[in-house]
Structure formats: C-alpha cells, structure tokens
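Values below: all heavy atoms of this structure, side chains included; hydrogens, waters and symmetry mates excluded. Here is how names work: the chains are called A, B, and so on, in the same order as the sequence lines, proteins then strands, and each is numbered from 1.
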Amino acid sequence: MQIYNTLTRRREEFVPLKDKEVKIYVCGPTVYDFFHIGNARVFITFETFRRFLKYRGYKVTYVQNFTDIDDKLIKRANEEGISVKELADKYIQEYFKDADALGIERADYHPRATETISDIIELVKKLYDEGYAYEVDGDVYYRTRKFEGYGKLSHQDIDELAAGARIEVGEKKEDPLDFALWKKAKQGEPSWESPWGKGRPGWHIECSAMALKFLGETIDIHAGGPDLIFPHHENEIAQSEGATGKPFAKYWMHVGYLNINNEKMSKSLGNFFTARDVLSKYDPEVIRFFMLSAHYRSPINYSMELIDQAQKGLERLYNTVNDLTYYLKNTAGQTASPGLTIELEPYKERYIKAMEDDFNTADAISVLFELSREINTALREGVSADSGQKALALMKELGGILGILKKEGEVNLEEEIELLIKKREEARRNKDWSTADSIREQLKKMGIILEDTPGGVRWKKEIL
RNA sequence: GGCGGCAUAGCCAAGUGGUAAGGCAGAGGACUGCAAAUCCUUUACCCCCAGUUCAAAUCUGGGUGCCGCCUCCA
C-alpha cells in the first residue's frame, strides 16, 4: 500500500505505527456557516479512504474536529445577535445533516475546540515552559524560529516566509512569523480563565491538542484541505513536536482544490456552492461518484455539465446492478442450461491494487465499468444464478467502499402502476402505439421507466 | 521575488521506460412498432523543441500556457 506524503513529496510504503491500527486526524469545518463543496471533497475523500482501510482489515480510529471558536464565529454571532455557542451548535447540526446525506460515515470522535480548552491550556503551558512560547500582555505567541523544522511541511525556507509575513495592528510579536497560541479576551468575546488571564485559543493549537488527546503523541495520518498546508499544518507540527519532542504525524495527506471554472472557489469571487445547494440538485451518490472519479490530489472542476456526465456514468453502473437483480429474480434458473460463470477474482484484485496505489479511485472505478460490461454481456447470454449472485455482491461490495450503488432500484408495483402497464400491454397488442406511448410517458412522469425487452416488459424506478 | 502543481481524443480522466484504461458525447451496426437499456465497431501525431535510451506520454534540459501557496480559507 502506497501513500503520497506531503512531508516528503513522494509516494511511500504505508506502514502503520502499530500493527494494523491506523490513527487518522482530519481537520474539520469551522462551524460558522454551511460547509461548501470544497469541504465536502475533503470529507468524502478521507472518509472513503477510511472505508477502504477498514475493508482491508485495518482498525481505524478516525477523528474529525469542529472549530467552534474563532474570529469568523464571533463576527457572525454578533451579526446574528446570538451567542457563539448557539451559532456553533446550529451549524454542527447542519453539518451532520449534510454529511449524513452525503453518506459520510461519522468519525469515531468529533471533538469541539471549546470542549478541549483545558487540554489546550496544558499544551500552551508546556510550550511556554519549554521556551517555545512567550506571553505579551495576555497574548501568548509561538516562538517560530525556536523550532528547528519550521517550514518542513510546506517546504518553505523560514527566511523566505519571513519576507512575506506581516504583523497586524495590535500584535506584539517578537518576530513576524510567530503566531498566536492564546488570545487575550476582548470585550464581549467568549473567554476562558488561563494562567495568562482570560482569553481564548488561537486557531492552530486546538488541532494539536485534540489530536494529542484522542490519538496520542504520534499519529499515522493527518489530513485536510490543500490550503491548510501553510500555515495551519505547519504550525500544528511546530506546536506538537515542540511540546512532545516526537514526530506529530507519519503521513500528511492533502486533497486537490475543487475549482469553479478552473479557479479556486472563494467567497470574494462569488463562485461559491454549499453542499446543501448541490444536494438540492443532485443525488448524493452522484456527487460522491463525481468527486471520486478523479485522483484525490488533482484539482477538479465543478460544473453542472461535469456532474451530469458523472451521473450518466453512475447510471450505467446502476443499470447493470438493476438488470442483474431483475434477472436473478425473474429469469435465472428458469432455463435448462446451467449458464455462464463470470471470473470475478481478477476484477476484485485490480480494484484493490488500484486503491492501494495511493487511493487511485479513478482507476478503481474503471474496474467497476469493466466488470459492469462483462456482467451485461453475460446477462444476454445467460449467466448462472450462483455466478450472478456473486457478481451482484461484488459490484455492491466494491461500490460500497466508494459509497455508491447502495440504492435498491426495484420497488413493489403499486396497483395503479400495474394497471397502467396492463393497459399499455393491451394497446400494444392492438398496435395502438399512440396510447401505448402516452402511458409510457405518464409513467415516466411518475418516475417509472419502462423497457420493452425480448423477455417482456421491464420497469424500473428512476433512482438518480 | 521564493516554492509547488498541471498540460493525454469534442468533454472528463487513468497511466512514472516497452509503442495509449475507463466514462460522457458523436458516428455506424445488432435488437426493437417506436423508445429505453444492452452488445459490437469506430474517434489520440499523449503542449512545443532538444537530449538520454534498443525503447519515452512516462527520464533530463529548455520553452510556452494554465493554476496554486507564500495572508483568513478545505
């Protein structure tokens, strides 16, 4: 199993710190608003990797945090005239609504920064005692130049970084590169007691503290969005390794950007879509399929056209699953001939091989398409019930890792629909094509698609 | 200015030395009352130039173009 490590900029053999146990920390959303589809890409991507690791027998402990105290939350809460906690509670709920809808399995732990304050304070204290932090008038800063490896993740030279750094008004840092671990409370802001007086945590320290608390000093995989590499993850390394003296994470993983019209999605450009927007227009599985159809480190472009393309592709896979299901229910075993057998093992092996190659979901999906074609062919020639069952199970098994092919296409015929189909059959026998076609249209509007096959009339529910 | 990524058919997209997966769209065919679905066939001088090699989309150098990070951001 190979994983690309941002730290070394190479693909590395994946060896967990301990046996087959994998500890993963993913930076979660700042809960001041609905999350957007760029966030969704991160959550879907790493959650899918977790599924695959579990599938391969790893015991995964997965942590994804909520940032529920920061400038953006404070600003938004003030605008809405509610407390920061009320705002955060609201958007954590909304997070779960959207994430659940997208089929994103819940993490083992979803810690909140505000519930980790005592751990954060302990960590800052430790950094202070070690000389990695200093206090100025109630603020505590990290002494960046004291940490030897600073810049190793983003591969930036510390002096080059210093050239671009700025000190904001009101900050009293020793060095422009230093960053806040603890911020002195301002009037009307949420705050907690600390050795440096009332205040709140800086942004980066919470992730160090939560990873430490739930996963320990060294974790296997730390993951997140691409724009977290600098400064967020760089700072996390400085904090965690400064405090423990041990490597923070063995593998650092980052997804590519999700772009709109080939440009980074951002609020200032107004090219912004929340997951909820997109969920109102597309089936969640289509969104997952779309995101997983390119390599996770490549940028992907979001547009209706491309999502439509993805939907068509997913429909093709579903046609196979539904045709096979139908066949097994209605046709298999009814003929005297034993039927074909499909060699399934090679597909499974190729799929696993693709996923073990730095999670090449695009390649894995192509295996599903090839399996799909072979099943389709076998279906017209007559596949054995046993082999058909196994093929169906494999499609669902491999699709399930990606979070697709989970729907049941068949529904029980309601009487009204049954009646319509009978009427249409009668019309067809009388070669009354216009009546037959209008009934088919009528059913289409009800979400029922009819197919006249050599074996008789097939119907299916429109599922995407 | 510093650092990095990408450039494969109309579109999307795999492929890190041995003469190009897969999907969408298109064309032709089979099936069909018509559709739909499915199957078969078909569509690539792998951005340009030079080099290394028996052999390069894949390695090296140069060029062009696009994108990103260095500042809150997934």
Side-chain angles (χ1 to χ4, degrees), chain A residues 6 9 11 26-30 35-43 45-46 67 70-72 75 151 154-157 159-166 168 176-177 203 223-232 234 254-259 262-268 289-290 293-295 297-301 303 305-320 322-323 326 350 354 357 360-370 372-381 427-428 431-434 436-437 440-441 444 449-454 457-460:
Chain A
T6 306
R9 287 183 175 162
R11 238 182 269 204
V26 180
C27 286
T30 301
F35 69 86
H36 56 65
I37 53 174
N39 294 298
R41 185 181 189 193
V42 173
F43 306 147
T45 296
F46 293 113
T67 296
D70 87 327
D71 293 345
K72 291 194 289 290
K75 181 163 178 271
S154 54
H155 299 93
Q156 295 278 340
D157 182 82
D159 292 314
E160 295 293 345
L161 284 169
R166 296 241 173 99
E168 290 185 26
L177 280 178
W203 173 36
D227 41 5
L228 295 184
I229 296 171
F230 189 91
H232 184 57
E234 196 72 71
H254 297 93
V255 302
Y257 277 108
L258 187 145
N259 296 327
N262 290 315
E263 285 183 325
K264 183 178 166 178
M265 185 168 70
S266 81
K267 285 190 172 172
S268 54
F289 184 80
F290 166 70
S293 63
H295 189 88
R297 285 189 281 111
S298 304
I300 53 175
N301 212 23
S303 73
E305 288 78 5
L306 296 177
I307 299 263
D308 285 341
Q309 278 193 17
Q311 173 159 334
K312 293 276 181 53
L314 184 57
E315 272 169 11
R316 179 177 169 79
L317 296 178
Y318 260 117
N319 282 332
T320 297
N322 290 155
D323 288 354
Y326 182 88
R350 283 172 56 207
D357 181 16
N360 194 334
T361 52
D363 216 7
I365 285 172
S366 79
V367 175
L368 288 182
F369 278 112
E370 289 179 39
S372 177
R373 164 172 288 135
E374 177 153 1
I375 292 172
N376 290 337
T377 301
L379 237 29
R380 6 166 57 207
E381 291 168 18
R428 291 183 72 211
K431 298 200 188 300
D432 179 3
W433 308 124
S434 65
D437 289 349
R440 185 166 58 195
E441 266 310 300
K444 176 92 166 49
I449 296 168
L450 291 189
E451 296 179 357
D452 299 326
T453 71
V457 184
R458 276 265 331 255
W459 61 270
K460 65 183 181 186

key: Among C69(B), C34(B), C3(B), the nucleotide that comes nearest once only the side chain of H155(A) is considered   = C3(B)
task = With heavy atoms under 4.0 Å as the rule, sort G224(A) into base, sugar-phosphate or nothing.
result = sugar-phosphate
note = Taking A74(B), G33(B), C72(B) as options, the one with an atom nearest any side-chain atom of D227(A) is A74(B)
query = Is any side-chain N or O of R41(A) under 3.5 Å from a base N or O of A74(B), one able to act as donor and the other as acceptor?
reply = no
key: Phosphate contact (A35(B) OP1 or OP2) by K444(A) side-chain N/O below 4.0 Å   = no
query = Going by heavy atoms in the side chains, are R11(A) and D357(A) under 4.5 Å from each other?
reply = yes
inquiry  = Partner lookup for C24(B), please. Criteria are Watson-Crick or G-U wobble with both distances under 3.5 angstrom; report none if nothing qualifies.
reply    = G10(B)
From A37(B), U16(B), C11(B), nucleotide with atom closest to R11(A) side chain = U16(B)
query = So, is N301(A) close to the C12(B) phosphate, meaning a side-chain N or O under 4.0 Å from OP1 or OP2?
reply = no
key: Length of the CD1-C1' vector between I229(A) and G4(B), whole Å   = 9 Å
ask   = For the pair made of CZ in R297(A) and P in G4(B), what is the distance, rounded to whole Å?
value = 16 Å
task = Provide the Watson-Crick or G-U wobble partner of C66(B), both distances under 3.5 Å; none if there is no partner.
result = G5(B)
inquiry  = I'd like to know if N259(A) reaches the base of G68(B) with its side chain such that a donor and an acceptor end up less than 3.5 angstrom apart.
reply    = no
task = Identify which nucleotide among A14(B), C69(B), A74(B) has an atom closest to any side-chain atom of F230(A), counting heavy atoms from C-beta outward.
result = C69(B)
ask   = For S298(A), which contact category applies under a 4.0 Å heavy-atom criterion: base, sugar-phosphate, or nothing?
value = sugar-phosphate
Atom pairs under 3.5 Å, N or O on each side, protein against nucleotides 56-58 of chain B: can you list them with distances?
none

ask   = Does U38(B) have a Watson-Crick or wobble partner in any strand here, with both distances under 3.5 angstrom, and which is it?
value = A30(B)
Strand partner of A44(B), provided both Watson-Crick or wobble distances fall under 3.5 Å = none
query = Is R428(A) touching bases, backbone alone, or none of the nucleic acid, heavy atoms closer than 4.0 Å?
reply = base
message = Minimum heavy-atom separation for V42(A) and G225(A), please, with both atom names.
response = CG2-CA, 3.8 Å
task = For L228(A) and C72(B), give me the distance from atom CG to atom P, rounded to whole Å.
result = 12 Å
message = Under 3.5 Å, is there any donor-acceptor pair linking the side chain of D452(A) to the base of C34(B)?
response = yes
remark   = Note: A294(A) and T361(A) closest approach over all heavy atoms is O-OG1, 3.6 Å
query = When we call it a touch if two heavy atoms are under 4.0 Å apart, what does I300(A) touch: a base, just sugar-phosphate, or nothing?
reply = nothing
key: Per W433(A) side chain, nearest of listed nucleotides G33(B), C3(B), C39(B)   = G33(B)
inquiry  = Please identify which of these residues, D323(A), N322(A), N319(A), meets the side chain to side chain donor-acceptor pair (under 3.5 Å) condition with K460(A).
reply    = N319(A)
message = Could you identify the nucleotide paired to G61(B), looking across every strand shown and requiring Watson-Crick or G-U wobble geometry with both distances under 3.5 Å?
response = C49(B)
Q156(A) (side chain) donor-acceptor with G151(A) (main chain) under 3.5 angstrom = no
ask   = Could you give the OH-to-P distance, from Y257(A) to A74(B), as a whole number of Å?
value = 10 Å
ask   = Counting any heavy atom closer than 4.0 Å, what does H232(A) reach on the DNA or RNA strands: base, sugar-phosphate only, or nothing?
value = nothing
message = Suppose we define a pair by two distances each less than 3.5 Å, Watson-Crick or G-U wobble; what does A55(B) pair with here?
response = none
query = Checking all strands, does N376(A) fall into the base, sugar-phosphate, or nothing category for heavy-atom contacts under 4.0 angstrom?
reply = sugar-phosphate
key: Residues E315(A) and Q311(A): side-chain donor-acceptor under 3.5 angstrom   = yes
Might you list the N or O atoms of the protein lying below 3.5 Å from N or O atoms in nucleotides 17-27 of chain B, with each pair's distance?
from   : atom 1 : to      : atom 2 : distance (Å)
A21(B) : O2'    : E370(A) : OE2    : 3.0
A21(B) : N3     : S366(A) : OG     : 3.4
G23(B) : N2     : Q309(A) : OE1    : 2.8

